[in-house]
Chemist: 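Mind looking over this structure? Questions follow.
Since this is a predicted model, take the numbers as computed values, not measurements.
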Amino acid sequence: MTRLYGEDFFSSQYATIAIEPRVPQSAFPEHYHDFWEIVLVEKGSGIHVFNDQPYVLGSGTVCFIRADDHHLFENVDDLNLINILYRAPGKFRFLTDISRFLPSQDSPDNQVNWQINHAEMQLAKQYIHTLSELTADSSPEGIAASEGQFLQLLIMLRHGCFQNGGEDGSREQRLQELLRWLQHNFYNDIDWLVLAEQFSLPLRTLHRQLKQRTGMTPQRYLNRLRLLEARKRLLQSDKTITEIAHACGFSDSNHFSTQFRREFSHSPKMLRSGDPS
Ligand code: RM4
Ligand code: NI
C-alpha cells in the first residue's frame, strides 16, 4: 500500500499545517500517510473506504484521519474535497495539547466521521481560506497564526460532531442516521419500506437520496457494503467462503461468488489463494 509523505505537501519543513483542495477528488487508491488529515467534503458524492469500512460522502461530511489509518476514494461523482493536513497532534509548534478536540484511538465512529450543517460549512470555508494563505508563511509568526486558525476551525468542526441530532431532526440528519445504521446492519435482511418508515423518510426520498449520494441504487449499495465486508473477512479470518458469505448477508454462496467477481474482478477463491490477478 502506498504511503504519502508530508514533504510532498507541506510548504516547508517548518510548516505544521497544509491545505490541499481536491477539485475534484478523483478515485484514489488505498494509502496511508506520515501526517494526519481532516477531510471536508464541499460537494459531490463518493464512497470513502476508511480502514476497510465504507462510508458515504456528501456535502458537509467531515472525516478525521490518523497517520496509520488507511483509506481510499471510489465511486466518485464531482467530489470536491478540502484536505487539511497536519503533522501529528503532538507536532505543532505552538499548540501544546489539543487532544480533546481530536478523535482518539478508540473513539466511536461518529466522532471520526460526521456531518456538519450548511452554516458550519460556510464558516469552515472562511477559516480554511485564511488558513491556506497563512500556511505559505513559514516565519514563526506565520506558523503561530496558522496554528491559531487551525484550532478555531477544529473547535467549530468538533462542535458539529457532538451536536448529534440537535435542534433540527431534519431529513438530512435522518438520512445520515439511516446510512450509519446500514453500515452496522447490512448483513441483515433489509426491507427498504420498513427501513424508510423507521427513519421517517418517504421511500422515494430514500431511494433518490441514496442514489444521489452513492451513485447506486439502495440495493446495489447494500450489496457493495456486504461485498466489502466479505472481502475484508476473506483476508483477515480463517472462516470458509460459505460461512463468510452467510455472515455478510448472502444466503447462497454461488450467488455471492458471482457478485464478488463482478465487483472486484476476481473470485473469493482467488483472493484467498493470494493471487487476485
Ligand atoms: C490525495 C487524497 C489523499 C490525501 C492526499 C494529500 O488526493 O485526497 O487522501 O492524503 O491527497
Ligand atoms: Ni489520505
Chemist: Output yes when a side-chain donor or acceptor of Asn51 lies under 3.5 Å from a complementary backbone atom of His70, and no otherwise.
Modeler: yes
Chemist: I need the minimum non-hydrogen distance between Leu72 and Pro29, along with the two atoms involved.
Modeler: CB-C, 3.7 Å
Chemist: Decide yes or no on side-chain contact (heavy atoms from CB on, under 4.5 Å) for Phe73 and Arg22, but give the supporting numbers first.
Modeler: CA-CA 12 Å; Phe73 297 100; Arg22 293 288 177 266; over 6 Å; no
Chemist: So do the side chains of Tyr187 and Glu229 get within less than 4.5 Å of each other, counting heavy atoms only?
Modeler: no
Chemist: Decide yes or no for Gln259 and Leu227: does some side-chain heavy atom of the first lie under 4.5 Å from some side-chain heavy atom of the second?
Modeler: yes
Chemist: Checking side-chain contact (heavy atoms from CB on, under 4.5 Å) against Phe150, which of Ile155, Ile19, Thr16, Ile38 comes through?
Modeler: Ile38
Chemist: Where do Val39 and Val62 land on the side-chain contact (heavy atoms from CB on, under 4.5 Å) test, with the steps shown first?
Modeler: CA-CA 6 Å; Val39 177; Val62 184; over 6 Å; no
Chemist: Check whether any side-chain N or O of Glu147 sits under 3.5 Å from a backbone N or O of Arg93 as a donor-acceptor pair, and report yes or no.
Modeler: yes
Chemist: Taking the six-membered ring of Phe264 (Phe, Tyr or Trp), confirm whether the NZ or CZ of Arg231 is under 6.0 Å from its centre and within 45° of its axis.
Modeler: yes
Chemist: Calculate, to the nearest 0.5 Å, the distance between atoms OG and CD1 belonging to Ser257 and Ile241 respectively.
Modeler: 6.0 Å
Chemist: In Å, rounded to the nearest 0.5 Å, how long is the span from CG of Leu222 to CD of Gln183?
Modeler: 12.0 Å
Chemist: With sequence neighbours left out, which residue pairs that include part of residues 192-208 fulfil the side-chain hydrogen bond (donor to acceptor under 3.5 Å, both in side chains) condition?
Modeler: Trp192-Gln219
Chemist: For Leu131 and Ser146, work out which heavy atoms get closest and say how close.
Modeler: CD1-O, 3.2 Å
Chemist: What about Val23 and Met121, same hydrophobic cluster or not, with Ile/Leu/Val/Met/Phe/Trp/Tyr joined at side-chain heavy-atom distances under 4.5 Å?
Modeler: no
Chemist: Quick check for you: to the nearest 0.5 Å, what is the distance between His48 atom NE2 and Asn75 atom CG?
Modeler: 13.0 Å
Chemist: Is atom CG of Asp8 surrounded by more than 12 heavy atoms (other residues, nucleotides or ligands) closer than 6.0 Å?
Modeler: yes
Chemist: Do Leu203 and Met216 share a hydrophobic cluster, counting only Ile, Leu, Val, Met, Phe, Trp and Tyr and linking them when any side-chain heavy atoms are less than 4.5 Å apart?
Modeler: yes
Chemist: Is the side chain of Asn254 donor-acceptor paired with the backbone N or O of Phe256 at a distance under 3.5 Å, no angle test?
Modeler: no
Chemist: Test side-chain contact (heavy atoms from CB on, under 4.5 Å) on Leu40 and Leu81; report intermediate values, then the result.
Modeler: CA-CA 6 Å; Leu40 179 63; Leu81 300 182; over 6 Å; no
Chemist: Under the 3.5 angstrom rule, does the side chain of Glu243 hit a backbone N or O of Thr240 as a donor-acceptor pair?
Modeler: yes
Chemist: Indicate yes or no: at least one non-hydrogen side-chain atom of Glu74 is less than 4.5 angstrom from one of Ser26.
Modeler: no
Chemist: Compare all side-chain heavy atoms of Leu179 with those of Tyr221 and state whether any distance is below 4.5 angstrom.
Modeler: yes
Chemist: Does the plane of the ring in Phe250 sit parallel, tilted or perpendicular to the ring in His255? Use 30° and 60° as the thresholds.
Modeler: tilted
Chemist: Can Glu37 and Arg66 be said to form a salt bridge (Lys or Arg N to Asp or Glu O under 4.0 Å), step by step?
Modeler: CA-CA 7 Å; Glu37 65 185 351; Arg66 296 146 294 207; over 6 Å; no
Chemist: Rounded to the nearest 0.5 Å, how far does CD1 of Ile143 lie from CG of Leu134?
Modeler: 11.0 Å
Chemist: Linking directly or through intermediates, with side-chain heavy atoms under 4.5 Å: list the remaining ILVMFWY members grouped with Met1, chain and number order.
Modeler: Tyr32
Chemist: So do the side chains of Phe35 and Leu4 get within less than 4.5 Å of each other, counting heavy atoms only?
Modeler: yes
Chemist: With no hydrogens and no angle check, is any side-chain donor or acceptor of Arg87 less than 3.5 Å from a backbone partner on Ala15?
Modeler: yes
Chemist: Would you confirm whether Asn185, through its side chain, and Leu182, through its main-chain N or O, come within 3.5 Å as a donor-acceptor pair?
Modeler: no
Chemist: Under the ring-ring contact (aromatic ring centres under 6.0 Å, His included) rule, collect the residues that match up with Phe10, sequence neighbours excluded.
Modeler: none
Chemist: How about Phe94: does its CZ atom have over 12 heavy atoms from other parts shown lying under 6.0 Å from it?
Modeler: yes
Chemist: Treating Asp34 as the side-chain partner and Gly6 as the backbone partner, does any N or O pair qualify as donor plus acceptor under 3.5 Å?
Modeler: yes
Chemist: How far apart are the closest heavy atoms of Ile116 and Ala124, and which atoms are they?
Modeler: CD1-CB, 4.5 Å
Chemist: Flag yes if more than 12 heavy atoms outside Lys43 fall under 6.0 Å of its NZ atom; otherwise flag no.
Modeler: no
Chemist: Can you find a heavy atom in the side chain of Gln149 that is under 4.5 Å from one in the side chain of Tyr127?
Modeler: yes
Chemist: If you measure from OG1 on Thr217 to NZ on Lys211, what distance do you get to the nearest 0.5 Å?
Modeler: 7.0 Å
Chemist: Could you go step by step and tell me if Cys248 and Arg233 meet the side-chain contact (heavy atoms from CB on, under 4.5 Å) rule?
Modeler: CA-CA 9 Å; Cys248 295; Arg233 293 194 192 190; 4.3 Å; yes
Chemist: To check you understand the geometry: which heavy-atom pair defines the closest contact between Pro103 and Phe64, and what is its length?
Modeler: CD-CD2, 3.0 Å
Chemist: Ignoring hydrogens, what is the shortest heavy-atom contact between Ser45 and Leu79? Give both atom names and the distance.
Modeler: O-CB, 3.6 Å
Chemist: Run the ring-ring contact (aromatic ring centres under 6.0 Å, His included) test on Phe186 and His184 for me, step by step, so that the C-alpha distance in whole Å, both residues' side-chain angles and the decisive distance to 0.1 Å come before the verdict.
Modeler: CA-CA 6 Å; Phe186 56 81; His184 297 288; 8.5 Å; no
Chemist: Anything under 30° is parallel, anything over 60° is perpendicular, the rest tilted; go ahead and classify Phe50 against His71.
Modeler: perpendicular
Chemist: With a 4.5 Å heavy-atom cut-off, do Leu157 and Trp114 have their side chains touching?
Modeler: yes
Chemist: Can you classify the ring geometry of Tyr86 versus Phe92 as parallel (below 30°), tilted (30 to 60°) or perpendicular (above 60°)?
Modeler: parallel
Chemist: Does some side-chain heavy atom of Leu228 sit less than 4.5 Å from a side-chain heavy atom of Asp52?
Modeler: no
Chemist: Rounded to the nearest 0.5 Å, what separates atom NZ in Lys125 from atom CD in Glu120?
Modeler: 14.0 Å
Chemist: Tell me whether Phe199 shares a hydrophobic cluster with Leu193, the cluster being built from Ile, Leu, Val, Met, Phe, Trp, Tyr side chains joined at under 4.5 Å.
Modeler: yes
Chemist: Identify the two heavy atoms, one from Arg272 and one from Asp238, that lie closest to each other, and give their separation to 0.1 Å.
Modeler: NH2-C, 4.0 Å
Chemist: Just by distance, do the side chain of Ser265 and the backbone of Arg261 share a donor-acceptor pair under 3.5 Å?
Modeler: no
Chemist: Phe28 and Tyr5: same hydrophobic cluster, using ILVMFWY side-chain contacts below 4.5 Å?
Modeler: no
Chemist: Do any N or O atoms from the side chain of His33 and from the backbone of His31 form a donor-acceptor pair under 3.5 angstrom?
Modeler: no
Chemist: Mark yes or no for whether Arg174, through its side chain, and Leu201, through its backbone, hold a donor-acceptor pair below 3.5 Å.
Modeler: no
